[in-house]
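These notes are about the structure you will find just below.
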Amino acid sequence: MMPPYRVLLVDDHPLFREGLRRQLDADDRLQVVGEASDGKEGLRLCQSLTPDVLVLDMHLPQLSGPDVAQAASALAAPPRMLALSAYDDASYVHALMDAGAAGYVTKDQHPAVIREAVVAVAEGHGRWFVALPQRPDQLSPLTAREHEVLLFLSRGLDNRTIGDRLFVTENTVRNHLTAIYSKLGLNSAREAIAWAWKHGIADAQEGA
């Protein structure tokens with residue numbers, strides 16, 4: 001697949017769906033081709049529109065998210081699926097992955113993170129997981145300052161804004177990011193954001 005990636009949104013909250021559509025349509029890599037407010041309509045649109053990515057809420061009228069995911073994965077041209085939920089319970093994660101979802105993120109994450117998750121799923125860059133409760137300092141080889149930079153990056157801030165928050169230059173932020181990528185074996189900001197959410201860095205409190 002080549003961008004723009006065609007996206008179908010299935011969520012029963014109109015305001016959330018509208019806000020997410022604006023975020024995704026503002027990115028040249030993405031094009032929202034349809035919306036549905038219940039699982040049955042979402043599956044029908046998935047069949048007729050053949051989107052590249054299905055962004056799917058868990059709790060839906062008519063058909064549940066896992067049921068839609070299971071049916072969509074059996075289509076002749078199945079979409080890649082990103083599950084969205086207000087919950088981060090491990091049972092939801094496993095249920096959705098078993099149903100064929102390529103990623104799972106919670107709705108309280110920064111819109112930029114959700115947008116990058118959609119692109120990553122479209123491009124087949126592994127699986128995106130909701131952050132499960134873990135202590136970052138037990139998992140990461142990063143320094144305290146690198147933790148701060150990664151925390152702000154995972155919340156959608158650009159290099160200049162991160163520098164302003166930490167009272168350092170934009171070039172210093174870039175140097176920290178280079179060190180982060182090297183220590184974690186990563187190649188891009190997108191991979192760093194995914195790592196941060198997977199390992200609980202993004203859940204850390206500022207200044208902790």
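For the single chain, residues carry numbers from 1 onward in sequence order.
Of the candidates Asp12, Asp38, Leu43, Asp38 is the only one forming a side-chain contact (heavy atoms from CB on, under 4.5 Å) with Gln62. Across Leu45, Asp52, Val32, Val55, a single residue satisfies side-chain contact (heavy atoms from CB on, under 4.5 Å) together with Leu8, and that is Leu45.
Residue-environment remark: CZ (Arg174) exceeds the threshold of 12 foreign heavy atoms within 6.0 Å. With a 6.0 Å radius and a threshold of 12 heavy atoms from other residues, nucleotides or ligands, Asn171 has its CG atom above the threshold.
Two residues are said to be in side-chain contact when any heavy atoms from C-beta on lie closer than 4.5 Å; Leu30 and Asp25 fail this criterion. Between Ile162 and Asp158, the closest side-chain pair of non-hydrogen atoms is not below 4.5 Å. Here the side chains of Leu84 and Leu56 are not in contact, with every heavy-atom distance at 4.5 Å or above. Side-chain atoms of Arg21 and Leu9, non-hydrogen and from C-beta on, do get closer than 4.5 Å to each other. Looking at Lys107 and Phe16, their side chains come closer than 4.5 Å, going by heavy atoms from C-beta outward. Counting only heavy atoms from C-beta outward, the side chains of His13 and Asp57 approach each other to under 4.5 Å. Counting heavy atoms from C-beta outward, Pro14 and Ser37 have side chains that stay 4.5 Å or more apart. Taking 4.5 Å as the limit, every side-chain heavy atom of Asp27 sits out of range of all side-chain heavy atoms of Val118.
Here CG of Leu150 is found 7.0 Å from CH2 of Trp195. Values are rounded to the nearest 0.5 Å. Residue Leu177 holds its CG atom at 12.5 Å from OG of Ser182, rounded to the nearest 0.5 Å. Once rounded to the nearest 0.5 Å, the distance linking CD of Glu116 with OG of Ser188 reads 8.5 Å. Summarising the geometry, atom CZ belonging to Arg29 is positioned 10.0 Å from atom CG belonging to Leu24; distances are rounded to the nearest 0.5 Å. Note that CZ of Arg155 and CH2 of Trp197 are 7.0 Å apart. Values are rounded to the nearest 0.5 Å.
For Val121 against Ala102, the heavy-atom pair with the smallest separation is CG1-CB, 4.0 Å. Considering every non-hydrogen atom in both Leu63 and Leu60, the closest pair reads O-CB, 3.2 Å. Listed here is the closest heavy atom pair of Cys46 and Pro51: O-CD, 3.6 Å. The two residues Ala101 and Ala83 make their nearest non-hydrogen contact at CB-CB, 4.4 Å.
Classification of Glu123 and Arg80 as a salt-bridged pair fails, no side-chain N sitting under 4.0 Å from a carboxylate O.
Panel note: side chain Arg17, backbone Val10; no donor-acceptor pair is recorded below 3.5 Å. Panel note: side chain Arg6, backbone Leu49; a donor-acceptor pair is recorded below 3.5 Å.
Under 3.5 Å, the side chains of Tyr181 and Glu191 contain no donor-acceptor pair of N or O atoms. Arg115 and Gln23 share a side-chain donor-acceptor pair at under 3.5 Å. Side-chain contact check for Ser64 and Asp67: at least one donor-acceptor pair (N or O, by modelled atom type) lies under 3.5 Å.
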Using the side-chain contact (heavy atoms from CB on, under 4.5 Å) rule, take Arg165 and Leu157 through it: C-alpha gap first, then chi angles, then the decisive distance, then the call.
CA-CA 10 Å; Arg165 295 286 290 271; Leu157 277 61; 3.7 Å; yes
Could you walk me through whether Val119 and Arg190 pass the side-chain contact (heavy atoms from CB on, under 4.5 Å) test, one step at a time?
CA-CA 9 Å; Val119 174; Arg190 183 183 303 145; 3.6 Å; yes
side-chain contact (heavy atoms from CB on, under 4.5 Å), that's the test. Do Leu82 and Leu54 meet it? Break it down for me.
CA-CA 6 Å; Leu82 176 67; Leu54 171 61; over 6 Å; no
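By the side chain to side chain contact (heavy atoms under 4.5 Å, CB included) test, Arg145 is found to be paired with Thr143, Glu148, Val149, Leu166, Val168, His176, residues two or more places apart in sequence or in another chain being considered. Every residue two or more places apart in sequence or in another chain was checked for a side chain to side chain donor-acceptor pair (under 3.5 Å) with Lys40, and none qualifies.
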